[in-house]
Amino acid sequence: GIIMKRRVFLQGFSVAVSIPLLSLFYSLQAIANTAYSVPITPLNKSREAWRKLLSSEAFRVLFEEDTEPPGSSALNNEARDGTYICAACYLPLFKSAYKYDSGTGWPSFTQPIAQHVGTKRDFKMIIPRIEYHCVRCGGHQGHVFKDGPPPRRERWCNNGLALRFVLLEDSLPVLRS
C-alpha cells in the first residue's frame, strides 16, 4: 500500500541524490590515484628544523596545513617564464606554462610536474577534497579541483606562501637537505 510506495520512493530518492555525490567523489579520487609514483626520496627532517628555516606564516601553511587569505600572494600576478618550487625543500613543483588566473585569489595551475606532488583525501570541509603536497618534504601546497580549463579540467590551487618562483634564466637553487 501507501507505506510500500513511500519506502520505494524514499529509496529511489536517496539513490538519485547519492549518485552525483559519488560521481564527484570518485572523479576527485581518480586525481588522487594519479598520485604519481614517487621516485624522489622523501626528506627525514623534523618539524622544528623546518620551523627554523621558514617564516612562521610559511611554516603554518606548509606543515600545519593552514591556508593564506585569498588575494594575499604576490605570485597571483606573476606572469614571467620560470619554475615554481616548494618553499621548504626547493623541489620544482610547477612550470609557469601551466599557470593560469582561476579568479580564486590563489596561484593556480592546470597540472604539476609529474611525480613531484603527492595527494590524499581531505574531509576538513565535510565534502571530500584532494589535498596535495610536495613529495620530498611533505609540505602542504593546496587542493586540486575538477573545475579547471580544458583539456585536463584540473585546478591545482596553491598557497603562494608554499611556493617560490625562479625565473627561467636563473638557476634553480640546490635542493635543501
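Considering every non-hydrogen atom in both Cys89 and Cys86, the closest pair reads N-SG, 3.6 Å. Heavy-atom minimum distance, Leu175 versus Pro92: CD2-CD, 4.4 Å. Nearest heavy atoms, Arg152 versus Lys146: O-NZ, 3.6 Å. Closest non-hydrogen pair, Arg155 versus Ser102, comes out as CD-CB, 3.6 Å. Taking each heavy atom of His140 and Glu131 in turn, the nearest pair found is ND1-OE2, 2.9 Å. Heavy-atom minimum distance, Thr110 versus Pro149: CG2-CG, 3.6 Å.
Ser177 OG to Tyr90 OH: the interatomic distance, rounded to the nearest 0.5 Å, is 11.5 Å. Once rounded to the nearest 0.5 Å, the distance linking CZ of Arg51 with CZ of Arg60 reads 9.5 Å. Gln115 CD to Ile40 CD1: the interatomic distance, rounded to the nearest 0.5 Å, is 7.0 Å.
Both Leu93 and Val144 are part of a single hydrophobic cluster, where members link through side-chain heavy atoms under 4.5 Å apart. Hydrophobic cluster membership differs between Phe165 and Tyr98, with clusters built from Ile, Leu, Val, Met, Phe, Trp and Tyr side chains linked at under 4.5 angstrom. By the rule that hydrophobic residues join a cluster once side-chain heavy atoms approach within less than 4.5 Å of another member, Ile85 and Tyr132 end up as members of one cluster. Both Leu167 and Leu91 are part of a single hydrophobic cluster, where members link through side-chain heavy atoms under 4.5 Å apart. A single hydrophobic cluster is not seen to contain both Tyr100 and Ile113; linkage of ILVMFWY side chains at heavy-atom distances under 4.5 Å, directly or through other members, places them apart.
When the salt bridge (charged side-chain N to carboxylate O under 4.0 Å, His left out) test is applied to Glu78, the partners found at least two apart in sequence or on another chain are Arg80.
With hydrogens and angles ignored, the 3.5 Å screen pairs a side-chain donor or acceptor of Lys99 with a backbone N or O of Asn76. Judged by distance alone, with hydrogens and angles left aside, the side-chain atoms of Ser108 form a donor-acceptor pair with the main-chain N or O of Trp106 at under 3.5 Å. The main-chain N or O of Leu161 is found under 3.5 Å from a side-chain atom of Glu68 such that the two form a donor-acceptor pair. With hydrogens and angles ignored, the 3.5 Å screen pairs no side-chain donor or acceptor of Asn158 with any backbone N or O of Pro107. With Arg136 contributing its side chain and Arg176 its backbone, the two residues share a donor-acceptor pair below 3.5 Å.
Alongside Leu43, the hydrophobic cluster contains Trp50, Leu53, Leu54, Phe59, Leu62, Phe63 (criterion: ILVMFWY side chains under 4.5 Å).
Aromatic ring pairs are classed by plane angle as parallel below 30°, tilted from 30° to 60° and perpendicular above 60°; the pair Phe94 and Phe109 is parallel. Taking the six-membered ring where the residue is Trp, Phe145 and His143 present tilted rings, their angle falling between 30° and 60°.
Dense packing is recorded around CG of Asp170, with more than 12 heavy atoms of other residues, nucleotides or ligands lying under 6.0 Å away.
Salt-bridge formation is detected for the pair Lys120/Glu65: a Lys NZ or Arg NE/NH1/NH2 atom is positioned less than 4.0 Å from an Asp or Glu carboxylate oxygen.
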